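The structure appears right after this line, and notes come after that.
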Amino acid sequence: MEWLQHYFNFRIVGNYAEVFLAGIGQTMWISAVCLVLSLIFGTLVALGRLSKNPLIWRPVAGYIQFIRSTPLLIQIYLVYYGLPAVLPIGNLLDEKQTGILALTIHTSPYFAEIIRAGITSVNPGQIEGALSVGMTPRQTLVNVTLPQAVANVMPPMLGQTAVLIKDTSLLSIIAVFELMGAGLKMFSETVIATESYVTTAVCYLMIYAIMLVVSGMLQNKLGGKAWRAN
Amino acid sequence: MDSIIDKIGIVQALWPSLVKGLWMTFQISILAILLGSILGFCLGVAKTLGYFVLEKLINGYLHLLRGSPYLVQLYIIFFVLPSLGISWLQFDGYTAAVVSLSLYTSSYVTEIVASAIFAVPNGQSEAARSVGMTRSQTYRYVVIPQALKLTIPPMASVYVIVIKSTAVLSVIGISELTRQGEVAIMRMPGDIMFIYCLIALFYFLYCYPVLRFSKWAEGKFGSVGDVDH
(Lines give C-alpha, C1' and ligand atoms only; values in the text may rest on other atoms or scores of the structure.)
Protein backbone atom coordinates (compact mmCIF):
# COMPACT_ATOMS: atom_id res chain seq x y z
CA MET A 1 0.00 0.00 0.00
CA GLU A 2 3.00 2.31 0.31
CA TRP A 3 3.11 3.11 -3.40
CA LEU A 4 -0.58 3.93 -3.37
CA GLN A 5 -0.05 6.37 -0.52
CA HIS A 6 2.20 8.27 -2.87
CA TYR A 7 -0.70 8.90 -5.23
CA PHE A 8 -3.63 8.97 -2.86
CA ASN A 9 -3.39 9.83 0.82
CA PHE A 10 -6.27 8.12 2.63
CA ARG A 11 -5.37 9.61 5.99
CA ILE A 12 -6.10 13.18 4.87
CA VAL A 13 -9.32 12.07 3.23
CA GLY A 14 -10.24 10.47 6.54
CA ASN A 15 -9.80 13.81 8.27
CA TYR A 16 -12.32 15.31 5.87
CA ALA A 17 -14.83 12.44 6.02
CA GLU A 18 -17.28 14.54 8.03
CA VAL A 19 -17.08 17.43 5.59
CA PHE A 20 -17.80 15.11 2.69
CA LEU A 21 -20.65 13.44 4.52
CA ALA A 22 -22.17 16.84 5.23
CA GLY A 23 -21.64 17.67 1.55
CA ILE A 24 -23.44 14.51 0.44
CA GLY A 25 -26.27 15.35 2.83
CA GLN A 26 -26.56 18.88 1.46
CA THR A 27 -26.48 17.67 -2.14
CA MET A 28 -29.21 15.13 -1.46
CA TRP A 29 -31.29 17.68 0.45
CA ILE A 30 -31.01 20.36 -2.23
CA SER A 31 -31.77 17.80 -4.95
CA ALA A 32 -34.78 16.48 -3.07
CA VAL A 33 -36.25 19.94 -2.50
CA CYS A 34 -35.62 20.88 -6.13
CA LEU A 35 -37.12 17.59 -7.31
CA VAL A 36 -40.37 18.16 -5.42
CA LEU A 37 -40.63 21.81 -6.46
CA SER A 38 -39.80 21.00 -10.08
CA LEU A 39 -42.38 18.23 -10.20
CA ILE A 40 -45.07 20.60 -8.97
CA PHE A 41 -44.01 23.54 -11.11
CA GLY A 42 -43.22 21.24 -14.06
CA THR A 43 -46.75 19.84 -13.99
CA LEU A 44 -48.12 23.38 -14.15
CA VAL A 45 -45.78 24.18 -17.03
CA ALA A 46 -46.82 20.99 -18.84
CA LEU A 47 -50.50 21.85 -18.42
CA GLY A 48 -49.80 25.37 -19.63
CA ARG A 49 -47.96 23.99 -22.64
CA LEU A 50 -50.88 21.70 -23.48
CA SER A 51 -53.38 24.55 -23.18
CA LYS A 52 -55.29 25.56 -26.30
CA ASN A 53 -55.14 29.25 -25.41
CA PRO A 54 -52.22 30.91 -27.28
CA LEU A 55 -51.93 33.53 -24.54
CA ILE A 56 -50.94 30.71 -22.22
CA TRP A 57 -49.02 28.20 -24.30
CA ARG A 58 -46.90 30.69 -26.26
CA PRO A 59 -45.24 32.31 -23.23
CA VAL A 60 -44.81 28.87 -21.65
CA ALA A 61 -43.20 27.53 -24.82
CA GLY A 62 -40.93 30.58 -24.89
CA TYR A 63 -39.90 29.90 -21.30
CA ILE A 64 -39.12 26.27 -22.13
CA GLN A 65 -37.08 27.24 -25.19
CA PHE A 66 -35.16 29.91 -23.29
CA ILE A 67 -34.21 27.49 -20.52
CA ARG A 68 -33.25 24.76 -22.97
CA SER A 69 -30.95 26.96 -25.00
CA THR A 70 -29.04 28.86 -22.34
CA PRO A 71 -26.48 27.39 -19.92
CA LEU A 72 -27.47 26.63 -16.34
CA LEU A 73 -24.57 28.72 -15.08
CA ILE A 74 -25.97 31.84 -16.75
CA GLN A 75 -29.41 31.10 -15.31
CA ILE A 76 -27.93 30.75 -11.84
CA TYR A 77 -26.12 34.09 -12.25
CA LEU A 78 -29.30 35.72 -13.53
CA VAL A 79 -31.27 34.56 -10.50
CA TYR A 80 -28.46 35.16 -8.02
CA TYR A 81 -27.57 38.68 -9.14
CA GLY A 82 -30.84 39.60 -10.78
CA LEU A 83 -33.37 38.66 -8.15
CA PRO A 84 -32.39 41.27 -5.54
CA ALA A 85 -32.49 43.95 -8.24
CA VAL A 86 -35.90 42.97 -9.59
CA LEU A 87 -37.80 41.87 -6.49
CA PRO A 88 -37.67 43.65 -3.15
CA ILE A 89 -37.84 40.29 -1.33
CA GLY A 90 -34.86 39.01 -3.34
CA ASN A 91 -32.56 40.14 -0.56
CA LEU A 92 -34.31 37.92 1.94
CA LEU A 93 -33.19 34.69 0.27
CA ASP A 94 -29.76 33.36 1.17
CA GLU A 95 -27.55 31.78 -1.47
CA LYS A 96 -28.84 28.28 -0.82
CA GLN A 97 -32.46 29.31 -1.29
CA THR A 98 -31.48 31.30 -4.37
CA GLY A 99 -29.68 28.26 -5.70
CA ILE A 100 -32.69 26.05 -5.13
CA LEU A 101 -34.87 28.63 -6.87
CA ALA A 102 -32.51 28.80 -9.85
CA LEU A 103 -32.28 25.02 -10.14
CA THR A 104 -36.07 24.72 -9.93
CA ILE A 105 -36.50 27.29 -12.69
CA HIS A 106 -33.95 25.35 -14.73
CA THR A 107 -35.27 21.83 -14.14
CA SER A 108 -39.03 22.44 -14.38
CA PRO A 109 -39.18 22.72 -18.19
CA TYR A 110 -37.35 19.41 -18.57
CA PHE A 111 -39.78 17.73 -16.20
CA ALA A 112 -42.65 19.49 -17.97
CA GLU A 113 -41.63 17.98 -21.30
CA ILE A 114 -41.42 14.53 -19.73
CA ILE A 115 -44.80 14.91 -18.04
CA ARG A 116 -46.32 16.17 -21.30
CA ALA A 117 -44.96 13.12 -23.10
CA GLY A 118 -46.38 10.92 -20.33
CA ILE A 119 -49.84 12.44 -20.58
CA THR A 120 -49.93 11.98 -24.35
CA SER A 121 -48.30 8.53 -24.27
CA VAL A 122 -51.31 6.57 -23.05
CA ASN A 123 -53.19 5.04 -25.96
CA PRO A 124 -56.74 6.50 -26.19
CA GLY A 125 -57.97 2.97 -26.94
CA GLN A 126 -57.04 2.02 -23.38
CA ILE A 127 -59.31 4.70 -21.96
CA GLU A 128 -62.15 3.88 -24.35
CA GLY A 129 -61.79 0.22 -23.47
CA ALA A 130 -61.91 0.91 -19.76
CA LEU A 131 -64.96 3.12 -20.12
CA SER A 132 -66.73 0.60 -22.33
CA VAL A 133 -66.42 -2.20 -19.77
CA GLY A 134 -68.27 0.03 -17.32
CA MET A 135 -65.50 1.71 -15.33
CA THR A 136 -66.25 5.20 -14.10
CA PRO A 137 -63.98 8.01 -15.39
CA ARG A 138 -62.39 8.14 -11.97
CA GLN A 139 -61.65 4.41 -11.94
CA THR A 140 -60.28 4.72 -15.47
CA LEU A 141 -57.93 7.47 -14.41
CA VAL A 142 -56.71 5.68 -11.29
CA ASN A 143 -56.55 2.11 -12.59
CA VAL A 144 -55.78 2.52 -16.29
CA THR A 145 -54.41 5.91 -17.32
CA LEU A 146 -52.19 6.88 -14.41
CA PRO A 147 -50.34 3.56 -13.93
CA GLN A 148 -49.39 3.47 -17.59
CA ALA A 149 -48.44 7.15 -17.71
CA VAL A 150 -46.27 6.81 -14.59
CA ALA A 151 -44.59 3.67 -15.90
CA ASN A 152 -43.84 5.32 -19.23
CA VAL A 153 -42.56 8.48 -17.61
CA MET A 154 -40.38 6.90 -14.92
CA PRO A 155 -37.17 6.17 -16.90
CA PRO A 156 -36.71 9.70 -18.31
CA MET A 157 -37.78 11.07 -14.93
CA LEU A 158 -35.04 9.13 -13.17
CA GLY A 159 -32.53 10.19 -15.81
CA GLN A 160 -33.50 13.81 -15.30
CA THR A 161 -33.21 13.40 -11.53
CA ALA A 162 -29.67 12.12 -12.00
CA VAL A 163 -28.95 15.19 -14.12
CA LEU A 164 -30.46 17.37 -11.37
CA ILE A 165 -28.16 15.84 -8.76
CA LYS A 166 -25.17 16.53 -10.99
CA ASP A 167 -26.38 20.05 -11.70
CA THR A 168 -26.35 20.94 -8.00
CA SER A 169 -22.55 20.91 -8.27
CA LEU A 170 -22.75 24.23 -10.15
CA LEU A 171 -24.22 25.86 -7.05
CA SER A 172 -20.74 25.70 -5.52
CA ILE A 173 -19.88 28.61 -7.83
CA ILE A 174 -22.30 30.86 -5.93
CA ALA A 175 -20.83 29.60 -2.63
CA VAL A 176 -23.52 27.12 -1.66
CA PHE A 177 -22.04 24.35 0.47
CA GLU A 178 -22.71 20.93 -1.05
CA LEU A 179 -20.62 17.99 -2.25
CA MET A 180 -18.60 20.00 -4.75
CA GLY A 181 -18.28 22.70 -2.12
CA ALA A 182 -16.85 20.09 0.26
CA GLY A 183 -14.21 19.19 -2.34
CA LEU A 184 -13.37 22.85 -2.89
CA LYS A 185 -13.14 23.42 0.88
CA MET A 186 -10.72 20.52 1.24
CA PHE A 187 -8.69 21.77 -1.71
CA SER A 188 -8.49 25.30 -0.37
CA GLU A 189 -7.35 24.07 3.04
CA THR A 190 -4.92 21.32 2.04
CA VAL A 191 -3.97 22.28 -1.54
CA ILE A 192 -3.86 18.65 -2.63
CA ALA A 193 -5.90 18.36 -5.80
CA THR A 194 -5.92 14.59 -6.24
CA GLU A 195 -7.47 13.67 -2.91
CA SER A 196 -9.96 16.55 -2.92
CA TYR A 197 -11.39 16.13 -6.37
CA VAL A 198 -11.13 12.36 -6.74
CA THR A 199 -12.98 11.94 -3.44
CA THR A 200 -15.66 14.34 -4.67
CA ALA A 201 -16.01 12.33 -7.87
CA VAL A 202 -16.23 9.07 -5.92
CA CYS A 203 -18.99 10.52 -3.72
CA TYR A 204 -20.99 11.57 -6.79
CA LEU A 205 -20.46 8.13 -8.31
CA MET A 206 -21.76 6.52 -5.12
CA ILE A 207 -24.94 8.60 -5.30
CA TYR A 208 -25.23 7.63 -8.96
CA ALA A 209 -24.75 3.94 -8.14
CA ILE A 210 -27.52 4.10 -5.53
CA MET A 211 -29.77 5.73 -8.12
CA LEU A 212 -28.99 2.94 -10.59
CA VAL A 213 -29.97 0.30 -8.02
CA VAL A 214 -33.18 2.14 -7.12
CA SER A 215 -34.11 2.53 -10.78
CA GLY A 216 -33.48 -1.19 -11.32
CA MET A 217 -35.84 -1.98 -8.47
CA LEU A 218 -38.48 0.38 -9.84
CA GLN A 219 -38.09 -1.22 -13.24
CA ASN A 220 -38.99 -4.63 -11.85
CA LYS A 221 -41.90 -3.13 -9.97
CA LEU A 222 -43.45 -1.03 -12.72
CA GLY A 223 -42.59 -2.61 -16.05
CA GLY A 224 -43.74 -0.35 -18.85
CA LYS A 225 -42.64 -0.08 -22.44
CA ALA A 226 -40.26 2.83 -22.12
CA TRP A 227 -37.79 0.85 -20.00
CA ARG A 228 -36.32 -0.68 -23.10
CA ALA A 229 -34.66 2.63 -23.90
CA ASN A 230 -32.27 2.42 -20.95
CA MET B 1 -35.17 57.09 -23.54
CA ASP B 2 -31.94 57.94 -21.82
CA SER B 3 -31.63 54.45 -20.46
CA ILE B 4 -32.02 52.92 -23.93
CA ILE B 5 -29.20 55.10 -25.30
CA ASP B 6 -27.24 54.09 -22.22
CA LYS B 7 -27.74 50.40 -22.96
CA ILE B 8 -26.79 50.83 -26.61
CA GLY B 9 -23.58 52.44 -25.41
CA ILE B 10 -22.88 49.43 -23.17
CA VAL B 11 -23.50 47.03 -26.03
CA GLN B 12 -21.15 49.00 -28.26
CA ALA B 13 -18.45 49.05 -25.61
CA LEU B 14 -18.72 45.34 -24.88
CA TRP B 15 -19.34 44.10 -28.41
CA PRO B 16 -15.71 43.25 -29.35
CA SER B 17 -14.99 41.28 -26.18
CA LEU B 18 -18.32 39.42 -26.28
CA VAL B 19 -17.81 38.46 -29.92
CA LYS B 20 -14.33 37.26 -29.01
CA GLY B 21 -15.88 35.19 -26.23
CA LEU B 22 -18.50 33.77 -28.56
CA TRP B 23 -15.77 32.84 -31.04
CA MET B 24 -13.87 31.02 -28.26
CA THR B 25 -17.06 29.21 -27.20
CA PHE B 26 -17.70 28.27 -30.82
CA GLN B 27 -14.14 27.05 -31.35
CA ILE B 28 -14.01 24.88 -28.23
CA SER B 29 -17.49 23.46 -28.73
CA ILE B 30 -16.84 22.54 -32.37
CA LEU B 31 -13.51 20.89 -31.49
CA ALA B 32 -15.09 18.95 -28.64
CA ILE B 33 -18.02 17.92 -30.80
CA LEU B 34 -15.72 16.65 -33.55
CA LEU B 35 -13.30 14.76 -31.29
CA GLY B 36 -16.04 13.53 -28.98
CA SER B 37 -18.17 12.29 -31.87
CA ILE B 38 -15.27 10.39 -33.42
CA LEU B 39 -14.41 8.74 -30.09
CA GLY B 40 -18.06 8.12 -29.28
CA PHE B 41 -18.69 6.61 -32.71
CA CYS B 42 -15.78 4.16 -32.31
CA LEU B 43 -16.86 3.19 -28.80
CA GLY B 44 -20.50 2.90 -29.85
CA VAL B 45 -19.65 0.53 -32.70
CA ALA B 46 -17.30 -1.42 -30.43
CA LYS B 47 -20.11 -1.81 -27.90
CA THR B 48 -22.33 -3.57 -30.44
CA LEU B 49 -19.72 -6.06 -31.63
CA GLY B 50 -20.75 -8.56 -28.99
CA TYR B 51 -17.52 -8.97 -27.03
CA PHE B 52 -18.55 -9.31 -23.40
CA VAL B 53 -15.45 -7.81 -21.77
CA LEU B 54 -15.28 -4.91 -24.21
CA GLU B 55 -18.93 -4.10 -23.63
CA LYS B 56 -18.49 -4.10 -19.85
CA LEU B 57 -15.42 -1.88 -20.11
CA ILE B 58 -17.26 0.62 -22.27
CA ASN B 59 -20.23 0.54 -19.90
CA GLY B 60 -17.87 1.31 -17.02
CA TYR B 61 -16.44 4.24 -18.95
CA LEU B 62 -19.95 5.54 -19.61
CA HIS B 63 -20.98 5.20 -15.96
CA LEU B 64 -17.87 7.09 -14.85
CA LEU B 65 -18.67 9.98 -17.17
CA ARG B 66 -22.42 9.94 -16.69
CA GLY B 67 -22.31 9.56 -12.92
CA SER B 68 -20.18 12.58 -12.06
CA PRO B 69 -20.87 16.24 -12.81
CA TYR B 70 -18.97 17.83 -15.67
CA LEU B 71 -17.53 20.38 -13.24
CA VAL B 72 -15.84 17.57 -11.28
CA GLN B 73 -14.48 15.98 -14.45
CA LEU B 74 -13.07 19.33 -15.51
CA TYR B 75 -11.39 19.82 -12.14
CA ILE B 76 -9.91 16.33 -12.28
CA ILE B 77 -8.49 16.82 -15.76
CA PHE B 78 -7.26 20.34 -15.04
CA PHE B 79 -5.92 19.93 -11.48
CA VAL B 80 -5.40 16.23 -10.79
CA LEU B 81 -3.78 14.95 -13.97
CA PRO B 82 -0.80 17.35 -13.82
CA SER B 83 -0.03 16.17 -10.29
CA LEU B 84 0.51 12.61 -11.52
CA GLY B 85 3.86 13.73 -12.93
CA ILE B 86 3.35 12.37 -16.44
CA SER B 87 4.56 15.05 -18.82
CA TRP B 88 2.06 14.61 -21.66
CA LEU B 89 -0.86 14.79 -19.23
CA GLN B 90 0.07 18.29 -18.07
CA PHE B 91 -2.47 20.16 -20.12
CA ASP B 92 -2.82 23.90 -20.34
CA GLY B 93 -6.29 25.33 -19.79
CA TYR B 94 -7.36 25.20 -23.42
CA THR B 95 -6.29 21.58 -23.94
CA ALA B 96 -7.85 20.52 -20.65
CA ALA B 97 -11.10 22.15 -21.73
CA VAL B 98 -11.13 20.44 -25.12
CA VAL B 99 -10.11 17.04 -23.72
CA SER B 100 -12.65 17.04 -20.89
CA LEU B 101 -15.48 18.26 -23.13
CA SER B 102 -14.59 15.67 -25.78
CA LEU B 103 -14.71 12.86 -23.23
CA TYR B 104 -18.00 14.22 -21.92
CA THR B 105 -19.43 14.38 -25.46
CA SER B 106 -18.23 10.87 -26.25
CA SER B 107 -20.24 9.46 -23.34
CA TYR B 108 -23.46 10.69 -24.93
CA VAL B 109 -22.48 9.83 -28.50
CA THR B 110 -21.49 6.26 -27.58
CA GLU B 111 -24.95 5.48 -26.25
CA ILE B 112 -26.69 7.12 -29.18
CA VAL B 113 -24.62 5.25 -31.77
CA ALA B 114 -24.98 1.93 -29.95
CA SER B 115 -28.74 2.22 -29.59
CA ALA B 116 -29.05 3.35 -33.23
CA ILE B 117 -27.16 0.25 -34.37
CA PHE B 118 -29.38 -1.93 -32.19
CA ALA B 119 -32.42 -0.21 -33.68
CA VAL B 120 -31.56 -1.42 -37.20
CA PRO B 121 -33.66 -4.56 -37.70
CA ASN B 122 -31.76 -7.85 -37.38
CA GLY B 123 -33.07 -9.04 -40.74
CA GLN B 124 -30.92 -6.41 -42.42
CA SER B 125 -27.62 -7.79 -41.21
CA GLU B 126 -28.79 -11.38 -41.54
CA ALA B 127 -29.71 -10.73 -45.16
CA ALA B 128 -26.36 -9.08 -45.77
CA ARG B 129 -24.51 -12.02 -44.24
CA SER B 130 -26.57 -14.53 -46.20
CA VAL B 131 -25.66 -12.94 -49.55
CA GLY B 132 -22.03 -13.49 -48.63
CA MET B 133 -20.93 -10.17 -47.14
CA THR B 134 -18.29 -10.39 -44.44
CA ARG B 135 -19.03 -9.00 -41.02
CA SER B 136 -17.16 -5.76 -41.62
CA GLN B 137 -18.83 -5.33 -45.00
CA THR B 138 -22.20 -5.78 -43.32
CA TYR B 139 -21.37 -3.02 -40.87
CA ARG B 140 -19.84 -0.77 -43.48
CA TYR B 141 -22.48 -1.02 -46.18
CA VAL B 142 -25.70 -2.07 -44.46
CA VAL B 143 -25.94 -1.40 -40.73
CA ILE B 144 -24.03 1.83 -40.19
CA PRO B 145 -25.60 3.83 -43.06
CA GLN B 146 -29.04 3.03 -41.70
CA ALA B 147 -28.02 3.67 -38.10
CA LEU B 148 -26.35 7.02 -38.79
CA LYS B 149 -29.61 8.45 -40.06
CA LEU B 150 -31.25 7.62 -36.72
CA THR B 151 -28.50 9.34 -34.75
CA ILE B 152 -29.00 12.78 -36.31
CA PRO B 153 -31.81 14.15 -34.08
CA PRO B 154 -30.41 13.06 -30.68
CA MET B 155 -26.91 14.08 -31.78
CA ALA B 156 -28.14 17.64 -32.34
CA SER B 157 -29.48 17.78 -28.79
CA VAL B 158 -26.15 16.48 -27.49
CA TYR B 159 -24.43 19.31 -29.32
CA VAL B 160 -26.67 21.77 -27.50
CA ILE B 161 -25.65 20.16 -24.19
CA VAL B 162 -21.99 20.53 -25.16
CA ILE B 163 -22.40 24.17 -26.15
CA LYS B 164 -24.11 24.88 -22.84
CA SER B 165 -21.41 23.01 -20.91
CA THR B 166 -18.74 25.35 -22.26
CA ALA B 167 -20.09 27.96 -19.84
CA VAL B 168 -18.57 25.91 -17.00
CA LEU B 169 -15.12 26.41 -18.55
CA SER B 170 -15.13 29.95 -17.17
CA VAL B 171 -14.11 28.50 -13.78
CA ILE B 172 -10.71 27.42 -15.11
CA GLY B 173 -10.18 30.79 -16.75
CA ILE B 174 -10.87 30.04 -20.39
CA SER B 175 -11.96 33.36 -21.86
CA GLU B 176 -15.15 32.13 -23.47
CA LEU B 177 -18.47 33.91 -23.51
CA THR B 178 -19.35 33.57 -19.81
CA ARG B 179 -15.86 34.58 -18.70
CA GLN B 180 -15.90 37.61 -21.01
CA GLY B 181 -19.22 38.55 -19.45
CA GLU B 182 -17.75 38.29 -15.95
CA VAL B 183 -14.88 40.55 -17.00
CA ALA B 184 -17.34 42.98 -18.53
CA ILE B 185 -19.24 43.06 -15.24
CA MET B 186 -16.07 43.95 -13.37
CA ARG B 187 -15.76 46.86 -15.78
CA MET B 188 -19.40 47.95 -15.48
CA PRO B 189 -20.70 46.63 -12.15
CA GLY B 190 -23.91 48.66 -12.41
CA ASP B 191 -25.30 46.62 -15.29
CA ILE B 192 -25.00 43.04 -14.07
CA MET B 193 -28.50 42.03 -15.14
CA PHE B 194 -28.23 43.63 -18.56
CA ILE B 195 -24.88 42.01 -19.32
CA TYR B 196 -25.98 38.56 -18.22
CA CYS B 197 -29.15 38.90 -20.29
CA LEU B 198 -26.98 39.87 -23.25
CA ILE B 199 -24.83 36.77 -22.76
CA ALA B 200 -27.91 34.60 -22.38
CA LEU B 201 -29.10 36.05 -25.70
CA PHE B 202 -25.79 35.12 -27.36
CA TYR B 203 -26.08 31.53 -26.12
CA PHE B 204 -29.69 31.45 -27.21
CA LEU B 205 -28.80 32.57 -30.72
CA TYR B 206 -26.17 29.81 -30.91
CA CYS B 207 -28.24 26.97 -29.40
CA TYR B 208 -31.75 27.64 -30.59
CA PRO B 209 -31.14 26.89 -34.30
CA VAL B 210 -29.51 23.58 -33.34
CA LEU B 211 -32.51 22.68 -31.18
CA ARG B 212 -34.89 23.57 -34.00
CA PHE B 213 -32.81 21.44 -36.35
CA SER B 214 -33.04 18.55 -33.91
CA LYS B 215 -36.81 18.89 -33.79
CA TRP B 216 -37.03 19.06 -37.58
CA ALA B 217 -34.69 16.12 -38.06
CA GLU B 218 -36.74 14.04 -35.64
CA GLY B 219 -39.73 14.43 -37.90
CA LYS B 220 -37.68 13.63 -40.96
CA PHE B 221 -35.42 10.78 -39.86
CA GLY B 222 -37.12 9.34 -36.79
CA SER B 223 -35.26 8.98 -33.53
CA VAL B 224 -33.82 6.42 -31.16
CA GLY B 225 -35.10 8.21 -28.11
CA ASP B 226 -34.19 11.50 -26.54
CA VAL B 227 -31.13 12.07 -24.38
CA ASP B 228 -31.49 13.23 -20.80
CA HIS B 229 -31.12 16.92 -20.65
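A, B, ... follow the sequence lines: proteins, then strands. Residue 1 opens every chain. Here the structure is a predicted model, which means the values were calculated and not measured.
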With a 6.0 Å cut-off on ring centres, are A:F187 and B:F79 close enough? yes
Portion of A:A162 that has a non-hydrogen atom of chain B nearer than 4.5 angstrom: neither
Can you name the nearest heavy-atom pair linking B:F204 to A:Q65, along with the distance? CE1-O, 3.8 Å
Let me know if B:S170 has heavy atoms under 4.5 Å from chain A in its side chain, its backbone, both or neither. side chain
Residue by residue, scan residues 178-186 of chain B and write down, ordered by number, those that have a heavy-atom distance under 4.5 Å to chain A; if none do, write 'none'. B:T178, B:E182
At a heavy-atom separation under 4.5 Å, does A:I74 approach chain B through its side chain, its backbone, both, or neither? side chain
In sequence, state the C-alpha distance, the side-chain angles, and the governing distance for A:S172 and B:L71, and then conclude on side chain to side chain contact (heavy atoms under 4.5 Å, CB included). CA-CA 10 Å; A:S172 65; B:L71 187 59; 3.8 Å; yes
At a heavy-atom separation under 4.5 Å, does B:V171 approach chain A through its side chain, its backbone, both, or neither? side chain
Distance col, row B:S68:OG vs A:Y197:OH, nearest 0.5 angstrom, shows 14.5 Å
Which atoms of A:L78 approach chain B - backbone, side chain, both or neither, heavy atom under 4.5 Å: both
Is there a side-chain contact between A:Y81 and B:M193 in this structure, where contact means two heavy atoms from C-beta onward sitting under 4.5 Å apart? no
Note, A:K166 side chain near B:Y70 side chain (heavy atom, < 4.5 Å): no
Heavy-atom pair with the smallest gap, counting every atom of A:A201 and B:V72: CB-CG1, 3.6 Å
Taking side chain as C-beta onward, heavy atoms only, is A:S69 less than 4.5 Å from B:Y203? no
Is B:Y208 close to A:R68 at the side-chain level, that is, under 4.5 Å between some pair of heavy atoms? no
Which atoms of A:I165 are under 4.5 Å from chain B, going by heavy atoms: the side chain, the backbone, both sets, or neither? neither
What residue in A:T194, A:V198, A:I114 has the most heavy-atom pairs under 4.5 Å with chain B? A:T194
Other residues, nucleotides, ligands: >12 heavy atoms within 6.0 Å of B:K7 NZ: yes
When the 4.5 angstrom heavy-atom criterion is applied to B:L64 and chain A, the contacting part is both
Non-hydrogen atoms of chain B under 4.5 Å away: do they reach the side chain of A:I76, the backbone, both or neither? neither
I'd like to check B:K164 versus A:T70 (side-chain heavy atoms, cut-off strictly below 4.5 Å). Are they in contact? no
To the nearest 0.5 angstrom, please state how far the CD1 atom of B:I76 sits from the OG1 atom of A:T200. 7.5 Å
